[in-house]
Protein chains: 4
Amino acid sequence: MEFNNNKSIFLQIADNITEKVVNGTFPPGEKIPSVRELAADLGVNPNTIMRTYNELQAMKIIDNKRGIGFFVNPDARETILEQKKSEFFDHVLPQFLHQAKLVGISIPELKKHIDKLN
Amino acid sequence: MEFNNNKSIFLQIADNITEKVVNGTFPPGEKIPSVRELAADLGVNPNTIMRTYNELQAMKIIDNKRGIGFFVNPDARETILEQKKSEFFDHVLPQFLHQAKLVGISIPELKKHIDKLN
Amino acid sequence: MEFNNNKSIFLQIADNITEKVVNGTFPPGEKIPSVRELAADLGVNPNTIMRTYNELQAMKIIDNKRGIGFFVNPDARETILEQKKSEFFDHVLPQFLHQAKLVGISIPELKKHIDKLN
Amino acid sequence: MEFNNNKSIFLQIADNITEKVVNGTFPPGEKIPSVRELAADLGVNPNTIMRTYNELQAMKIIDNKRGIGFFVNPDARETILEQKKSEFFDHVLPQFLHQAKLVGISIPELKKHIDKLN
DNA sequence: GTGGTCTAGACCACC
DNA sequence: GTGGTCTAGACCACA
């Protein structure tokens, strides 16, 4: 895994895990790698992984079983998609239209470009 | 003006100014507020405004007349639009479609939402 | 039995057993489940049960007959009640009233709530 | 400030701050000590304070102004009291009554003890 | 073995 | 000056 300098490592790892949850690499209920294991795997300090896992736990994407490890929350996939959906409609879409307008692209033009890219 | 904690203040102010240039609030050739004035206005440290102005100057959006102030570059509007346009098509649009897809929104649905917001 | 993540599992199991002793589910002198049996029952590591039993033994709530198993101490009920009583009056009650006060609940209100829950 | 070994330091510091918010030592909108400052004050590592502040920010008790510091959220007091109230009714009170019952204290007796301590 | 906390020290962007 | 992130390394309780 390669890291981008614009975003903190622990968040990039979190994104990577949520992606794996969404695409089924980490199925609901499954154990995810231990803190130390993943740290060694990614060549990163265990504290950084710990921070990632704390974040994901706060988002109810993973759960902790004491002394055993972290597990994908059964509802993780729904939680993630719902969260992304609301973000899309609340922020991404309006801001996208704002930018299109600023740049002087009309709605019909915009639709054409969308079709072209699909 | 309210600031978003996710982006540095000097960039948010820069965005605000470029937008005013594009929509005509700051016409080409016109003097823009002095560093100290704008700082007081926004309740922000003058250094922050200075950084904004330096950034805008590097982008050839404003020019500095020593001892007098900063002025909107005659070609600022074109410069900004060109830059924003290429950014829009190169990054914003593709990434927007990627997100829509991820969230499970079909193209027809997407178009409906776009119409609804206009 | 469901476990709370705020408290160590072996203590939660110990609480569960003392409660069963007090309410008569485990009468004095009776044999309690073997370590392996209870471990399987609760889906927990046998070491964890062992630790629970050690703890209870130290509190003189259960006794070990080597090679046979663990048995409820004849005086277990009294031991537990005495211990819980002093803890209740020394710590639980005062701290409970402190919290109620902090949250802004008056004594009469508090009594009403107590009645309501009974 | 002295630390108790039963609870993590960063949470004890967080409790200390919420207490100061509730009792008015840190009024709404006021700046709280900088990370380094408080760390030096308490003889604790800055990372530990950072963690405390992250926690409090997630609870909407403090806000961050970029490059300036952390400030008490205007609604912090209400947020804290509300949170404590719901915890009291959802967990503390029921569990308190459960313990009283287990120990064999009747409701009238309980009320007497409450009166005595006030 | 697992997570959880803490320290010491470094480096960075931003105000 | 402010917060924010990361590393290296240590120690602990718990399963």
Side-chain angles (χ1 to χ4, degrees), chain A residues 3 5-13 31-40 42-57 62-71, chain B residues 3 5-13 39 42-52 54-55, chain C residues 3 5-13 35 39 42-52 54-55, chain D residues 3 5-13 31-39 42-57 62-71:
Chain A
F3 297 112
N5 251 336
N6 301 329
K7 210 173 176 177
S8 47
I9 294 182
F10 82 93
L11 283 181
Q12 292 181 59
I13 299 173
K31 184 176 182 302
I32 63 174
S34 79
V35 171
R36 288 159 168 82
E37 191 184 341
L38 187 54
L42 301 180
V44 144
N45 189 289
N47 283 330
T48 305
I49 303 296
M50 195 65 224
R51 197 162 174 195
T52 298
Y53 282 11
N54 275 338
E55 196 75 19
L56 292 172
Q57 199 175 13
I62 61 178
D63 300 314
N64 179 307
K65 291 189 191 165
R66 295 182 67 117
I68 304 182
F70 284 94
F71 295 76
Chain B
F3 297 112
N5 244 337
N6 301 326
K7 208 172 177 178
S8 50
I9 291 183
F10 82 91
L11 282 181
Q12 293 183 59
I13 298 173
L42 300 180
V44 147
N45 191 304
N47 288 330
T48 305
I49 303 296
M50 200 59 221
R51 187 155 180 195
T52 299
N54 281 337
E55 200 81 4
Chain C
F3 297 112
N5 244 336
N6 301 325
K7 208 173 177 178
S8 49
I9 292 183
F10 82 92
L11 281 181
Q12 293 182 58
I13 298 173
V35 169
L42 300 180
V44 146
N45 191 304
N47 288 330
T48 306
I49 303 295
M50 199 59 221
R51 187 156 180 193
T52 299
N54 282 338
E55 199 81 3
Chain D
F3 297 114
N5 251 337
N6 302 329
K7 211 174 176 177
S8 47
I9 294 182
F10 81 93
L11 283 181
Q12 291 181 58
I13 298 173
K31 184 176 182 301
I32 64 173
S34 78
V35 171
R36 288 158 167 81
E37 190 185 341
L38 186 53
L42 300 181
V44 144
N45 190 290
N47 283 330
T48 304
I49 302 296
M50 196 64 225
R51 196 159 175 199
T52 298
Y53 283 10
N54 275 339
E55 195 75 19
L56 292 172
Q57 199 174 12
I62 60 178
D63 300 314
N64 180 308
K65 290 190 192 165
R66 297 182 66 116
I68 303 182
F70 284 93
F71 295 76

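First the proteins, then the strands, lettered A, B, ... as listed; each starts at 1. Because the structure is a prediction, the values reported are computed rather than measured.
- Comparing A:Gly69 and B:Leu11 against DNA chain E, the residue whose closest nucleotide sits nearer the 5' end is A:Gly69.
- Residues D:Phe3 and D:Gln12 approach most closely at CA-OE1, 3.4 Å, considering heavy atoms.
- C:Asn54 has its CG atom 14 Å from the P atom of F:dC14, to the nearest Å.
- Distance A:Phe71 CZ to F:dA15 C1': 12 Å, rounded to the nearest Å.
- B:Ile9 has its side chain out of reach of B:Leu42: every pair of non-hydrogen atoms, C-beta onward, lies at least 4.5 Å apart.
- A:Asn45 is linked by a side-chain contact (heavy atoms from CB on, under 4.5 Å) to A:Asn47, A:Thr48, counting only residues two or more places apart in sequence or in another chain.
- If you check F:dA15, F:dG3, E:dT5 against the side chain of C:Phe10, the one that comes closest is F:dA15.
- Pairing analysis of DNA chain F (Watson-Crick: purine N1 to pyrimidine N3 plus N6-O4 or O6-N4; G-U wobble: N1-O2 and O6-N3; both under 3.5 Å) yields stems of 3 or more pairs at E:1-14 with F:1-14.
- Here the P atom of nucleotide F:dT7 and the CG atom of A:Leu42 are 10 Å apart, to the nearest Å.
- Along DNA chain F, the nucleotide nearest to C:Ile9 and the one nearest to D:Phe70 differ in position, and the one closer to the 5' end is contacted by D:Phe70.
- The phosphate of E:dA13 (OP1 or OP2) has no side-chain N or O of B:Ser8 nearer than 4.0 angstrom.
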Distances for protein N/O vs nucleotides 8-11 of chain F N/O pairs under 3.5 angstrom?
| from | atom 1 | to | atom 2 | distance (Å) |
| --- | --- | --- | --- | --- |
| F:dA8 | N7 | A:Asn45 | ND2 | 2.7 |
| F:dA8 | N6 | A:Asn47 | ND2 | 2.7 |
| F:dG9 | O6 | A:Asn47 | ND2 | 3.0 |

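- Distances shorter than 4.0 Å separate some side-chain N or O of D:Arg66 from OP1 or OP2 on E:dC15.
- Applying the side-chain contact (heavy atoms from CB on, under 4.5 Å) rule to D:Phe71 yields the partners D:Lys31, D:Lys65, D:Ile68; only residues at least two apart in sequence or on another chain are considered.
- Atom CG in B:Asn5 sits about 13 Å away from atom P in E:dC14, given to the nearest Å.
- Summarising the geometry, the separation between CD1 on B:Ile13 and C1' on E:dC14 is reported as 12 Å, rounded to the nearest angstrom.
- Partners of D:Lys7 according to the salt bridge (Lys or Arg N to Asp or Glu O under 4.0 Å) rule, which considers only residues two or more places apart in sequence or in another chain, are D:Asp15.
- One atom, CZ of A:Phe3, and another, C1' of F:dT5, lie 13 Å apart when rounded to the nearest Å.
- If you take CG on C:Leu11 and CD on C:Glu55, they are separated by 6.0 Å, rounding to the nearest 0.5 Å.
- The interatomic distance linking D:Gln12 (CD) with E:dT5 (P) rounds to 12 Å, in whole Å.
- Under the side-chain contact (heavy atoms from CB on, under 4.5 Å) criterion, D:Pro33 pairs with D:Phe26, D:Glu37, D:Leu38, D:Tyr53, sequence neighbours left out.
- Where D:Pro46 and B:Arg51 each meet DNA chain E at their nearest nucleotide, the meeting point lying more 5' is that of D:Pro46.
- Nearest heavy-atom pair across A:Arg66 and C:Asn6 is NH1-C, 3.7 Å.
- For the side-chain contact (heavy atoms from CB on, under 4.5 Å) test, residues two or more places apart in sequence or in another chain that qualify with B:Asn54 are B:Met50, B:Gln57.
- Between C:Lys7 and D:Pro33, the one whose closest nucleotide on DNA chain F sits nearer the 5' end is D:Pro33.
- Of the candidates F:dA15, E:dT7, F:dG3, the closest approach to any side-chain atom of C:Thr48 belongs to F:dA15.
- Annotation: side chain to side chain donor-acceptor pair (under 3.5 Å) contacts of A:Asn5 (sequence neighbours excluded): none.
- In this structure, the CG atom of A:Asn64 is 13 Å from the P atom of E:dT2, given to the nearest Å.
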